[in-house]
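Remember, it's 1-based here, ligands and their atoms both numbered in the order they're listed.
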Amino acid sequence: MTDVPTDPFRDDMLKGRVVFVSGGSSGVNLGVATRFAEKGAHVTLVSRTEEKLIAAADTITSAGGSADYAVADVRDAEAVRAALELCHERHGLIDVVLSGAAGNFLAPVNKLSSNGFRTVIDIDLIGTYNVLKHSYDLLRRPGAALISISAPQAVRPMAEQSHAGAAKAGINMLTKNLALEWGGEGIRVNAISPGYIANTEGTSRLIDTPEKSEALLRKIPVGRLGEKTEIADLALFLASDRAAYITGAIFDCDGGLTLN
Ligand code: COA
C-alpha cells in the first residue's frame with residue numbers, strides 16, 4: 001500500500017497515480033476524471049469519438065491537470081486492450097480504472113429488438129468486462145482500485161429499462177466476482193450506482209418530459225438531482241488508500257432514490 005494521506009481529500013492525494021477512464025469524454029465519467037486530475041493524477045480518457053476526447057482532455061489540461069486520450073469502443077476487446085497498453089506504455093503501471101462507458105435509451109420490451117437489447121448489454125456489461133479484465137496485467141499490485149459504474153435499475157425494475165437493468169445487474173455481480181478473485185493480489189473492485197445526475201446525457205435520455213421530471217423529484221428523498229462532483233468525491237474516496245479495506249461493494253449515490 002502506498003502512503004496513507006492524513007486528509008483523504010488533500011490536493012496531492014492522487015499525485016502520480018495513473019488513471020484509465022472509459023466513457024471519459026463526457027458526463028459523470030469526465031466529472032470523475034476531472035476531479036482525479038485536480039488531485040494530482042494523470043488521466044487517460046477513452047471513448048469512441050476523438051473530437052469529444054480532445055475537447056475533454058483539453059479542458060483538464062487547461063485547468064493545469066494531466067490528461068491524454070485513446071480512442072476505443074469498449075465493445076471491441078482488442079481496441080480496449082490497445083488503449084490500456086498505450087496508457088501503460090506512456091505512464092507506467094495503472095493505479096485506478098474507472099469503467100463507465102454506457103449506452104441507453106427508453107424502450108419497452110415489446111418495442112425492443114434482440115439487437116437493441118444486445119447492444120446495451122454489449123456496451124455496458126461486456127464493455128465493463130473488457131475494460132476490467134484487460135487491465136489486469138497492467139495494474140499496480142498491491143494497491144490498484146477498479147471502479148465500475150452501475151445504476152439503480154440494477155436492483156429495482158424500471159419501466160422501459162429491461163436492457164439497462166439487466167446489463168447493470170450483471171455489472172454488479174461482475175464487480176463482486178472480480179473483487180473475490182483479485183482481492184488476494186491487492187486489487188480492489190467496487191461499483192458506484194449514480195442516481196439521476198444533473199446535466200448528463202444519461203439523465204436527459206431517461207427524463208425527457210417536464211412531467212417525468214416532476215414525478216422523479218417526488219421519488220428522490222433528498223428532493224433534487226445529484227451533481228457530478230458528488231459522484232466524483234465518492235470515486236475519489238474509493239480510489240484512495242483510505243478505502244483499502246473496501247472491496248466488492250456497490251455504493252448507491254442517488255439521494256435515496258433506490259429506497260423508494
Ligand atoms: N428504442 C428501441 N430500439 C433502439 C433504440 C430505441 N430508442 N435506439 C436504438 N435501438 C436499437 C436499434 O434499432 C438497433 O437494433 P436493430 O438493429 O434491431 O434495429 C440497436 O438498438 C442498435 O442501434 P444502433 O443505433 O445501431 O447502435 P449504436 O451502437 O450506433 O448506438 C446506442 C448505441 C443505441 C446505445 C446509442 O444510443 C448510443 O450510442 N448511445 C451512447 C450515448 C448514451 O447512450 N449515453 C447515455 C449513457 S447512460
Side-chain angles (χ1 to χ4, degrees), residues 21-34 45-56 69 71-80 83 98-131 147-172 174-175 191-209 212-213 216 220 225-228 230-232 234-235 250-255 257-258:
V21 182
S22 77
S25 59
S26 64
V28 161
N29 307 312
L30 177 56
V32 173
T34 302
L45 309 174
V46 177
S47 80
R48 285 183 290 177
T49 316
E50 185 161 27
E51 302 81 68
K52 284 195 193 173
L53 285 165
I54 291 171
Y69 69 86
V71 179
D73 186 325
V74 292
R75 291 171 281 193
D76 179 344
E78 284 314 309
V80 168
L98 178 80
S99 173
N104 200 6
F105 48 80
L106 285 170
V109 171
N110 287 342
K111 295 211 166 118
L112 186 60
S113 67
S114 294
N115 193 41
F117 189 87
R118 183 183 304 112
T119 297
V120 172
I121 298 287
D122 271 350
I123 298 172
D124 294 19
L125 178 55
I126 308 292
T128 296
Y129 170 83
N130 286 337
V131 168
I147 302 169
S148 46
I149 297 294
S150 185
Q153 22 317 30
V155 294
R156 295 194 68 88
M158 199 177 285
E160 305 189 32
Q161 283 288 275
S162 62
H163 42 316
K168 296 292 190 177
I171 288 174
N172 285 3
L174 176 64
T175 299
I192 296 174
S193 174
Y196 291 95
I197 305 302
N199 304 312
T200 61
E201 187 181 348
T203 291
S204 57
R205 278 178 179 243
L206 298 182
I207 307 302
D208 50 2
T209 65
K212 279 189 190 168
S213 177
L216 173 69
I220 302 175
L225 300 184
E227 299 295 331
K228 287 177 213 165
E230 291 170 321
I231 303 300
L234 174 55
I250 317 291
F251 290 89
D252 295 331
C253 189
D254 63 0
L257 175 77
T258 357

Value rounded to 0.5 Å, distance of CZ in Arg48 from CZ in Arg75 |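 Spacing of CZ (Arg48) from CZ (Arg75) equals 5.0 Å.
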With sequence neighbours left out, the residues meeting salt bridge (Lys or Arg N to Asp or Glu O under 4.0 Å) with Asp252 are none
Tell me, please, which residues at least two apart from Glu78 pass salt bridge (Lys or Arg N to Asp or Glu O under 4.0 Å).
->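 Glu78: salt bridge (Lys or Arg N to Asp or Glu O under 4.0 Å) contacts with Arg81.
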Quick note, salt bridge (charged side-chain N to carboxylate O under 4.0 Å, His left out) partners involving residues 191-206, not counting sequence neighbours, are Glu201-Arg205
Val32 and its side-chain contact (heavy atoms from CB on, under 4.5 Å) partner, picked from Val21, Ile231, Leu234 =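 It is Ile231; the other options fail the test.
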Contact set, ligand 1, heavy-atom distance under 4.0 Å, ordered by chain/number, equals Arg48, Arg75, Ala102, Gly103, Asn104, Phe105, Leu106, Ala107, Lys111, Ser113, Asn115, Gly116, Thr119, Ile123, Glu201, Gly202, Arg205
Heavy-atom donor-acceptor pair, Gln161 side chain to Phe105 backbone, under 3.5 Å | yes
